[in-house]
Amino acid sequence: MTIRTRFAPSPTGYLHIGGVRTALYNWLLARQSGGQFILRIDDTDAQRNVAAALAPILAGFRWLGLDWDEGPEVGGPHAPYYQSERGDIYRRYVQRLLDSGAAYRDYSNSEEYQAERTAAEQAKQPFWYSRRWMATSPEQEAGWIAEGRTAVVRLKMPREGRCEFTDLVRGDMAFDWALEPDHVIQRADGSCLYNLASVVDDIELEITHVVRSIEHLSNTPRQVFIFQALDAPLPHFAHLPYVAEPGSQNKLSKRKIAGYLKNLDFKRLYESGLAIAAHLGVETTPESFNPVLIEFYQTVGYLPEAILNYLLLLGWSLDDKTEYFTIDDMVRSFSLERVIKSPASFDPQKLTAFAGQHMAALSVDQRCALVLPFLQRAGWIRGDGAEIRDQVRQVVAAIDQRLVVAGDILNYREFFMPDTDLPLDPAAFQKRLVQPADAAHLLSEFKKFVVAAPDFSPAGLESLLQSFCDQFQIQPNQIIHALRVALTGKSTGFGIFDTLGVLGRERCVNRIDLALQKIATAASPAGEH
RNA sequence: GGCCCCGUCGUCUAGCGGUCUAGGACAUCGGCCUUUCACGCCGGUAACACGGGUUCGAUUCCCGUCGGGGUCACCA
């Protein structure tokens, strides 16, 4: 038997981290067994523009590499994959349920039904619907219809015994049938509800493993009932614990995402993303640009495999030490048996740690390819000719391990701007260029060395600096800090020889000249103001 | 409230009766390395919710308490 799993998103307009984890586990299960992963759209209750609300979700899956074998855009033997287009199929199954007596038409109006329900609640009795409005004869039914009554279809649930099934992560489950009300499966207008649609689709699409979040556990008995009433084999069920908010045990909720920004770690991640988004001109509201949503990571430049690696471990582990997984590793090692039963809270810092690890595993060329679109979108480079690629390559090589996400390249604007535009950080400028009395002198002398340097390779530059220090009888520190501020405008950055090398002789000379002018201006009382 | 689920360092987790003075990772705190920053390396702080059983022996099994959470729609 080949394994067929599915993920059934509602077209909500966004994909959040918890949903991705569920999808990942489904995808892994299918991929590791040569089975199929199916995307089915739960839009039975849908609003108008399903396509628009679905686009970001499909884009998220594509970006993450979670490809689907059947579903929107790719089609498949069981099309359509939109529940809104499967109404006829559902109605056919409802008829079967009606014919077999597993369901009935209920002609009560909702007030009448609710009245019974609240009466039971007030009496603190378990609620059993009287089924008073279930017709016992065609004449009675015709009479009600003549009165203008309409009917919903309800499941005729058992009122004794237990519903038993095995859950692959939670073990043997048992629920009292008596506690299950007669759920509505079809509205008076003929449209069908989730529980019915879901089961019918799982049957029709031949789903073998229903892996979903635990909030569906309580739906399972009524679904089991439908499967059984239809004589369909039960799929394997696996209910995953929910993903909790950062720093809490509460379930991650789409509605509360703006509030998560108060969490400190979360906020830090959010703000670093904000800086990157600003360079890219991406619109950011707490509801649309939020570390709970997958789009955030795509915008900022996280590696998909890092996100997947983190999510894999949020509720699953292989053993006591393995943490780093490539996609292939994940496919090979995943198992439902080792899924954790308790909820796990989302930790942005650990996600970022994985991002760094996966980035470090990439070659300089691979990192260049990732970073290039960011520079282009920010408008800092034009085109991607050999010269530009070479320039970017040098910067990326020098940045080395400081690059955690692709968007981090945007912290190095100084290497992608005209010399005359280079801003000097005021504090760094004061400390390194104005306060040390000899800074200007050393800098102008060093410029002469740069002009005359025979070899601009890192090794050549290092010996250049050494001979400079020897000649002027100073420690390297005394020139290095001033030099970095003059060249980059900042007090921190990567190695000074890399900095010189990346900029090249001409730009170094220009920037030193410009810095010297600013020092002179600052020193004269009649200066800037 | 009914039903159901869960409970090991701040966080993610290992642990399926003795190997646990409880291991790893992230975070955090020291130190080293170093021309800044980062990386890297070394080290530290930090957990079995509580109470009863069962057992020669419980983090591990059972019960209870407490705590947290999910779910109770003509939503999905």
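Only this structure's heavy atoms are used, side chains among them; waters, hydrogens and symmetry mates stay out. Chain A is the first sequence line, chain B the second, and so forth, proteins listed ahead of strands; every chain is numbered from 1.
- If you take NZ of A:Lys341 and P of B:C12, they are 17 Å apart, rounded to a whole angstrom.
- Under 4.0 Å is where a charged nitrogen must lie from a carboxylate oxygen, and between A:Arg40 and A:Asp202 at least one such pair does.
- Look at CG on A:Leu461: it is 17 Å from P on B:U35, rounded to the nearest Å.
- Rounded to whole Å, the C1' atom of B:C39 lies 50 Å from the corresponding atom of B:C75.
- Residues A:Leu403 and A:Ile409 come closest through the heavy atom pair CD1-N, 3.7 Å.
- The separation between A:Leu311 atom CG and B:C12 atom C1' is 12 Å, rounded to whole Å.
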Nucleotide-resolved protein contact map, nucleotides 43-48 of chain B, B/S/- at heavy-atom distance under 4.0 Å | ------
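- Ring geometry, A:Phe468 versus A:Phe472: the interplanar angle falls from 30° to 60°, so the pair is classed tilted.
- Nucleotides B:G15 and B:C9, compared at atom P, are 16 Å apart to the nearest Å.
- Among all heavy-atom pairs drawn from A:Phe266 and A:Val292, the shortest one is CZ-CG2, 3.4 Å.
- Both A:Arg170 and A:Ile496 lie near RNA chain B, and the one whose nearest nucleotide falls closer to the 5' end is A:Arg170.
- Using a 4.0 Å heavy-atom criterion, one finds that A:Phe497 contacts the bases of the nucleic acid, with or without backbone contacts as well.
- A distance of about 49 Å separates the P atoms of B:G18 and B:A76, rounded to the whole Å.
- Residue A:Arg338 has a polar side-chain atom (N or O) positioned under 4.0 Å from OP1 or OP2 of B:G15.
- Ring geometry, A:Tyr107 versus A:Trp144: the interplanar angle falls from 30° to 60°, so the pair is classed tilted.
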Quick one: do A:Tyr104 and A:Trp133 satisfy ring pair (Phe, Tyr, Trp, His ring centres under 6.0 Å)? Show the steps, please.
-> CA-CA 10 Å; A:Tyr104 62 95; A:Trp133 297 97; over 10 Å; no
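- Looking at which nucleotide of RNA chain B each of A:Arg484 and A:Arg162 is closest to, the 5′-most match is held by A:Arg162.
- A salt bridge is absent between A:Arg131 and A:Asp106; no separation between the charged side-chain nitrogens and carboxylate oxygens falls under 4.0 Å.
- Using cut-offs of 30° and 60° for the angle between ring planes, the A:Phe415 and A:Phe494 rings count as parallel.
- When rounded to the nearest whole Å, the span between CZ of A:Phe468 and P of B:U35 equals 17 Å.
- If you check every strand for non-hydrogen atoms under 4.0 Å, A:Ile479 touches nothing.
- When the P atom is used for both B:C12 and B:A27, the distance is 15 Å, rounded to whole Å.
- Pairing for B:G2 goes to B:U71, judged as Watson-Crick or G-U wobble with the two contacts each under 3.5 Å.
- Across the strands present, B:A58 finds no partner; the criterion is a Watson-Crick or G-U wobble pair with both atom distances under 3.5 angstrom.
- One atom, CD of A:Gln122, and another, P of B:G1, lie 18 Å apart when rounded to the nearest Å.
- We find that A:Glu116 and A:Arg132 are joined by a salt bridge, their nearest charged nitrogen and carboxylate oxygen being less than 4.0 Å apart.
- Ring centroids of A:Tyr194 and A:His216 are separated by less than 6.0 Å, placing the two rings close together.
- The pairing partner recorded for B:G30 is B:C42, the criterion being a Watson-Crick or G-U wobble arrangement whose two distances lie under 3.5 angstrom.
- For A:Gln435, the CD atom is densely surrounded, since the number of other residues' heavy atoms within 6.0 Å is greater than 12.
- In this structure, B:C9 makes no Watson-Crick or G-U wobble pair, since no nucleotide meets both defining distances under 3.5 angstrom.
- Between A:Asp408 atom CG and B:C39 atom C1' there is a gap of 14 Å when expressed in whole angstrom units.
- A:Ser467 places a side-chain N or O within 3.5 Å of a backbone atom of A:Leu464 that can act as its donor or acceptor partner.
- Checking B:A14, B:C6, B:A38 against the side-chain heavy atoms of A:Arg402 singles out B:A38 as nearest.
- Checked for salt-bridge contact, A:Lys251 and A:Glu245 miss the test: no charged N lies under 4.0 Å from a carboxylate O.
- The gap from the C1' atom of B:U71 to that of B:A38 amounts to 48 Å, rounded to the nearest Å.
- The separation of B:C6 from B:G24, taken at their C1' atoms, amounts to 23 Å, rounded to a whole angstrom.
- Rounded to whole Å, atom C1' of B:A38 lies 13 Å from atom CG of A:Asp498.
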What is the per-nucleotide protein-contact pattern of nucleotides 23-33 of chain B, from the 5' end, where B denotes a base atom under 4.0 Å from a protein heavy atom, S denotes such proximity for sugar-phosphate atoms only, and - denotes neither?
-> BBBSS------
When every nucleotide of nucleotides 65-76 of chain B is labelled 5' to 3' by its protein contacts under 4.0 Å (heavy atoms), B for base, S for sugar-phosphate only, - for none, what sequence of letters results?
-> ---SSSSSSBSB
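- Side-chain atoms of A:Thr326 and A:His358 include no donor-acceptor pair closer than 3.5 Å.
- B:G7 and B:G43 have their C1' atoms separated by 32 Å, with the value rounded to a whole Å.
- Partner assigned to B:U19 is none, using Watson-Crick or G-U wobble distances below 3.5 angstrom.
- Rounded to whole Å, the distance from CD on A:Glu245 to P on B:U11 is 14 Å.
- Across all strands, A:Gly495 comes closer than 4.0 Å to base atoms (heavy-atom distances).
- For the C1' atom pair drawn from B:A58 and B:U19, the interatomic distance equals 15 Å after rounding to whole Å.
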